[in-house]
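Let me begin by presenting the structure, written as structure tokens, before commenting on it.
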Amino acid sequence: MATMEREKLLEVKNLKKHFKVDRKAVLKAVDDVSFDIYKGETLGLVGESGCGKSTTGRTIIRLYEATDGEVLYEGKNVHGKKSARELKEFNRKMQMIFQDPYASLNPRMTVKDIIAEGIDIHRLAKNSKERNERVYELLETVGLNKDHANRYPHEFSGGQRQRIGIARALAVDPDFIIADEPISALDVSIQAQVVNLLMKLQKERGLTYLFIAHDLSMVKHISDRVGVMYLGNLVELAGSDELYEEPLHPYTQALLSAIPVPDPEVERSRERIILEGDLPSPINPPSGCRFRTRCPHAMDVCARVNPKWQEAREGHWVACHLYDQEFNKEGK
Ligand SMILES: Nc1ncnc2c1ncn2[C@@H]1O[C@H](COP(=O)(O)OP(=O)(O)O)[C@@H](O)[C@H]1O
Ligand SMILES: [Mg+2]
């Protein structure tokens, strides 16, 4: 896909989200992350648990206030001072689907009221008849039906609850949806159904997705481009095929080498990159490149200098000294 000509929906610039964990310690959950999201695409965001994926999503959508950096939505700054009307409009356009469909639905509300909450807030229905009709339509859209409207979340399976979460997000007619590991909590047999539903909705409604997952093999199939995070940093971002076929960052290479290949012959001869050591703490990350303590290619410079986030090839971004041209010219 020729992303170069495509229109940007969202620009994330040097975004930081730090949490104060006690009087002295600061946890840098997201630390200087920059990327764009194009209209109509699915951008996959992957990385081990705790690397900052959810915090990135939540900060973009303003569930968290950014510590630093900017998020532009159609060129407009999402953070910073806004009129109540502007805020409301951002809240409508950007929706989130959460990982845990059990925790994200209010158990004391009927499905109808859960789905209609946004409709009410944004006054999208003229009267209760129209409100009901909208809810029924949304239920059909996500593969449920109007008989489900007056029931409570506990009466549904995990997959059905996630469909309710999707209906709730769609109710306000958003442009952009962050799906934060929407299928991780579901049975494997249900996962494909929910992914297929999301893909169908994207096509029908021209939605843009930020799709968060910890599993690289899963996002490949659905993402136009994929970004890889490690310990609060984005380490690589490229078109899906390119990222999978020619990963540049040693961390991406290691993640990919852990995915089994269906062809048994290839699988047998395949080399697996085993990462040394444990994941460091984001409260006290390594100096320079955060990945260097586990990197099979670590050099002296990696401990001293944080690698720049750079476009190594057209549309292929990486933060790694192996691709630092000036540095390589100097001959290390
Ligand atoms: N509200 C919070 N307060 C303090 N630390 C947090 C908070 N939310 C997340 N963190 C920490 O930030 C880091 C990134 O978390 P998260 O964004 O949830 O990672 P991921 O979604 O990739 O698993 C983790 O170390 C996590 O413990
Ligand atoms: Mg998460």
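Both counts, for ligands and for their atoms, begin at 1 and track the order of listing.
Of the polar atoms of E181, none of the N or O atoms is found under 3.5 Å from an N or O of ligand 1, judged by distance alone.
Taking atom 18 (O) of ligand 1 as the reference point, the nearest protein heavy-atom neighbour is S54 CB, 3.8 Å. For atom 5 (N) of ligand 1, the closest non-hydrogen atom on the protein side is F19 CD1, 3.4 Å. Of the protein's non-hydrogen atoms, G50 N, 3.4 Å is the one closest to atom 20 (P) of ligand 1. Protein heavy atom in closest approach to atom 11 (C) of ligand 1: L27 CD2, 3.6 Å.
Using a 4.0 Å heavy-atom cutoff, G52 is listed among the residues neighbouring ligand 1.
A centroid separation of 6.0 Å or more is found between the aromatic rings of Y323 and H249. Aromatic ring centres of H148 and F156: separated by under 6.0 Å.
Between E276 and R294, none of the side-chain N atoms (NZ, or NE/NH1/NH2) sits under 4.0 Å from a carboxylate O, so this pair counts as no salt bridge. Salt bridge status for D113 with R131: present, with a side-chain N to carboxylate O gap under 4.0 Å. Ion pairing between K200 and E204 holds under the 4.0 Å rule for side-chain N and carboxylate O. Using a 4.0 Å cut-off between a side-chain N of Lys or Arg and a carboxylate O of Asp or Glu, E74 and K93 qualify as a salt bridge. Here K76 does not pair with E86 in a salt bridge; the nearest charged N to carboxylate O distance is not below 4.0 Å.
In this structure, atom 7 (C) of ligand 1 has protein heavy atoms in its sub-4.0 angstrom surroundings.
Taking the side chain as every heavy atom from C-beta outward, V135 and L139 approach each other to under 4.5 Å.
Contact annotation for T55 and ligand 1: heavy atoms of both the backbone and the side chain come within less than 4.0 Å of the ligand. Contacts between P282 and ligand 1, counted as non-hydrogen atom pairs separated by less than 4.0 Å, involve the side chain only.
With ligand atoms numbered from 1 in the order given, ligand 1 contributes 23 (O) to contacts under 4.0 Å with heavy atoms of S49.
Under 2.8 Å from the Mg ion (ligand 2) lies no N/O/S atom of Q99, from backbone or side chain alike.
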